[in-house]
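Let me begin by presenting the structure, written as structure tokens, before commenting on it.
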2 protein chains.
Amino acid sequence: MAERISEAEQAVMETLWNEAPLTAQEVADRVAPDRGWSLNTVKTLLGRLLAKEAVAHEEDGRRYLYRPRLEREAFAHGESRRLVDRLFGGRVSPLVAHLAERDELSDQDIAEIEALLKALRS
Amino acid sequence: MAERISEAEQAVMETLWNEAPLTAQEVADRVAPDRGWSLNTVKTLLGRLLAKEAVAHEEDGRRYLYRPRLEREAFAHGESRRLVDRLFGGRVSPLVAHLAERDELSDQDIAEIEALLKALRS
DNA sequence: GCGTAACGACTACATCCGTGATCGTTGAGG
DNA sequence: CCTCAACGATCACGGATGTAGTCGTTACGC
């Protein structure tokens with residue numbers, strides 16, 4: 001477990017996080033507008049995700065229904081940690097400081113984060 | 001430009017961000033303790049970074065001196081944006097919210113971020 | 001019943017990445 | 001001078017990734 005999920009694979013996961021269970025065909029339909037993949041490509045990706053135990057499938061007659069096994073929360077967490085570790089010495093505040101310096105924070109962001117932190121502290 | 005820098009390549013960049021210019025040999029020496037790469041491996045990575053225009057080299061007699069061309073700031077920025085875009089719909093506050101929920105923020109982090117934001121707002 | 005369309009399984013193949021070995025040249029020490 | 005060690009350049013190679021084609025089976029429409 002804990003295999004890395006590639007970017008293409010993530011697109012498939014997003015679809016399943018949105019709606020599950022789905023057949024391979026349905027995943028392909030949902031993903032097509034953005035990526036324009038063939039059905040075969042989607043099936044390959046689903047197969048790889050199965051091997052990585054990131055999705056599960058159950059039989060539904062002649063075909064499979066896929067559903068996520070890895071939760072979006074856990075995935076987002078892993079990826080965030082990796083970034084913070086690789087670039088900011090494992091500390092979160094330098095990341096926020098960085099984004100702040102780059103003017104990547106809207107007033108709304110600032111307000112939201114402040115509210116969050118206030119809640120945390122109490 | 002704007003080619004993706006792989007993880008191994010980043011290790012080389014870190015070395016050059018710390019100290020430059022350096023010869024391939026010197027980079028290998030600095031990187032060896034952590035990764036244990038052969039000199040050849042380091043040369044290959046430097047070559048790929050050259051092709052990606054992430055480093056520059058100038059001749060120094062029979063060998064080259066390498067120095068970063070891509071700045072660490074810019075790299076960190078790109079990677080951070082990619083993460084925020086891919087996982088949090090391009091907004092920073094959900095990322096912070098996520099880390100907060102996961103108890104990834106120390107009291108010190110919270111204090112630092114609050115100070116940062118206060119400075120930003122005024 | 002029979003053809004065919006839909007499925008999953010397997011195969012393919014170019015590119016990138018991690019890791020390194022080999023080759024050709026050349027400067028420096030004896 | 002001649003050898004050899006240091007360099008850069010080029011090639012290698014297995015695994016991951018992006019993208020898709022082919023093969024064998026089977027349920028359903030006519």
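Chain letters run A, B, ... following the sequence lines, proteins first, then strands; residues in each count from 1.
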Got a salt bridge between [X] and [Y], using NZ or NE/NH1/NH2 to carboxylate O under 4.0 Å?
X: A:Asp60; Y: A:Arg63; result: yes
X: B:Glu58; Y: B:Arg67; result: yes
X: A:Lys118; Y: B:Glu114; result: no
X: A:Glu19; Y: A:Arg30; result: yes
X: B:Arg35; Y: B:Glu7; result: no

How many Å lie between [atom1] on [X] and [atom2] on [N], as a whole number?
X: A:Arg48; N: D:dG15; atom1: CZ; atom2: P; answer: 14 Å
X: A:Glu7; N: D:dT17; atom1: CD; atom2: C1'; answer: 11 Å
X: B:Leu39; N: D:dG8; atom1: CG; atom2: P; answer: 8 Å
X: B:Gln25; N: D:dA5; atom1: CD; atom2: C1'; answer: 12 Å
X: B:Leu45; N: D:dG8; atom1: CG; atom2: P; answer: 14 Å
X: A:Lys52; N: D:dG15; atom1: NZ; atom2: P; answer: 15 Å

Legend entry - Nucleotide nearest B:Arg62 when distance is taken to its side chain, options D:dT26, D:dC7, D:dT19: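 Output: D:dC7.
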Inset, instruction - Go through B:Leu22 and B:Tyr66 one step at a time and tell me if the side chain to side chain contact (heavy atoms under 4.5 Å, CB included) criterion holds. - result: CA-CA 5 Å; B:Leu22 293 177; B:Tyr66 294 87; 5.7 Å; no
Legend entry - Base D:dA20 paired with A:Thr44 side chain (donor-acceptor, <3.5 Å): yes
Legend entry - A:Ser6 vs B:Tyr66, nearer the 5' end of DNA chain D by closest nucleotide: B:Tyr66
Legend entry - Side-chain N or O of A:Thr41 closer than 4.0 Å to phosphate OP1/OP2 of D:dA20: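 Answer is yes, contact under 4.0 Å.
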Legend entry - B:Lys43 side chain near D:dC11 phosphate (N/O to OP1/OP2, under 4.0 Å):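 So the side-chain polar atoms of B:Lys43 never come under 4.0 Å of the phosphate oxygens OP1 or OP2 of D:dC11.
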Inset, instruction - Sort out for me which residue in B:Leu49, B:Leu16, B:Asn18 forms a side-chain contact (heavy atoms from CB on, under 4.5 Å) with B:Pro68. - result: B:Leu16
Legend entry - Contact boundaries on DNA chain C for chain B, cut-off under 4.0 Å to non-hydrogen atoms: C:dC17 to C:dG27
